[in-house]
Amino acid sequence: NVSASGLFDASGLAAGPYNVTYTYSDANQCTNSDGAVVTVNALPTVVANNAEVCTGFTVQLTANPAGGTWSGANVSASGLFDASGLVAGPYNVTYTYSDANECTNSDGAVVTVNALPSVVANNAEVCTGFTVQLTANPAGGTWSGANVSATGLFDASGLVAGPYNVTYTYSDSNECTNSDGAVVTVNSLPSVVANDAEVCTGFTVQLTANPAGGTWSGANVSATGLFDASGLVAAPYNLTYTYSDSNECTNSDGAVVTVN
């Protein structure tokens with residue numbers, strides 16, 4: 001395993017001592033020699049671990065033994081892999097380690113960059129004082145923000161009309177997380193006024209209210225507000241007028257019909 005010029009080649013050799021001899025002849029053609037031992041050291045066993053990371057995030061790579069150096073695109077010498085701006089896919093990196101004998105070995109690892117999930121949170125509307133169940137895709141995420149539960153129940157109790165911002169966050173099977181914002185528009189209840197009225201026993205009276213287009217309910221009154229006092233004793237009668245606006249927000253007011 002050694003050439004005449006002294007180049008020792010350890011290719012394919014097992015670790016251990018190897019004896020070689022050096023022979024020299026001087027000008028008088030006197031010759032002498034000496035033996036030497038070449039110790040072949042084994043290369044260190046190096047294991048670089050594969051890893052996964054989500055687009056836009058970083059991951060600390062690991063390997064054994066510690067103390068080596070990482071190389072490749074998007075990775076620092078200490079093993080911090082940065083997936084900022086990277087498309088989803090596999091990325092090859094290398095870990096190199098030198099032991100106390102200055103024997104060096106390396107191992108490759110694959111960092112899989114996973115895409116962030118596509119998340120869509122849907123806007124919604126609700127009337128003051130009511131609740132609305134928010135929806136988003138994919139299902140299974142978590143809602144956050146004022147007046148909303150983690151499961152997406154938005155409660156408009158006590159809120160003034162206006163837009164309210166909420167956020168939906170979803171993590172997929174790769175533990176990659178993304179979020180989307182939604183706007184919940186809280187609509188005010190319509191202002192409803194039902195007018196009191198009087199009528200004589202045995203007659204009818206057309207009730208009025210504002211805005212028009214609502215529905216009357218109660219005893220002796222039609223949905224359109226015609227109150228019939230036929231057969232009624234003289235007394236006050238309580239009725240209700242209910243109105244829904246273009247936002248499907250509903251409010252009501254009571255009126256008293258006095259039968260004389």
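Both backbone and side-chain heavy atoms feed into the values below; hydrogens, waters and symmetry mates do not. The model shown is predicted, which means the values in this text are computed figures rather than measured ones.
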Indicate the atoms forming the closest heavy-atom contact of [X] with [Y], along with that distance.
X    : Y    : result
S217 : V221 : C-CG1, 3.7 Å
S118 : P138 : O-CD, 3.3 Å
E125 : V132 : O-CG2, 3.9 Å
W70  : A63  : CZ2-CB, 3.6 Å

Sidechain-backbone polar pair: [X] side chain, [Y] backbone, donor-acceptor under 3.5 Å:
X    : Y    : value
N28  : C30  : no
N247 : C249 : no
T55  : N114 : yes
D107 : A48  : yes
Q206 : T224 : yes
D196 : V256 : yes
N195 : T208 : yes
Y241 : A255 : no

About how many Å separate [atom2] of [Y] and [atom1] of [X], when rounded to the nearest 0.5 Å?
X    : Y    : atom1 : atom2 : result
N137 : N122 : CG    : CG    : 8.0 Å
L159 : S188 : CG    : OG    : 12.5 Å
N220 : T204 : CG    : OG1   : 12.0 Å
T242 : N251 : OG1   : CG    : 8.5 Å
T39  : N101 : OG1   : CG    : 9.5 Å

With clusters defined by side-chain heavy atoms of hydrophobic residues (ILVMFWY) lying less than 4.5 Å apart, directly or transitively, does [Y] cluster with [X]?
X    : Y   : answer
V40  : L7  : no
Y170 : V53 : no
V20  : L13 : yes

| message | I need the single residue from S106, C103, P44 that forms a side-chain contact (heavy atoms from CB on, under 4.5 Å) with Y97. Which is it? | response | P44
If we only count heavy atoms from C-beta on, is the [X] to [Y] side-chain gap below 4.5 Å?
X    : Y    : answer
V75  : Y91  : no
T177 : F57  : no
Y237 : V199 : no
T185 : N187 : yes
Y168 : L134 : no

| Atom CZ of F8 with >12 non-hydrogen neighbours under 6.0 angstrom |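 It does: F8 CZ has more than 12 such atoms within range.
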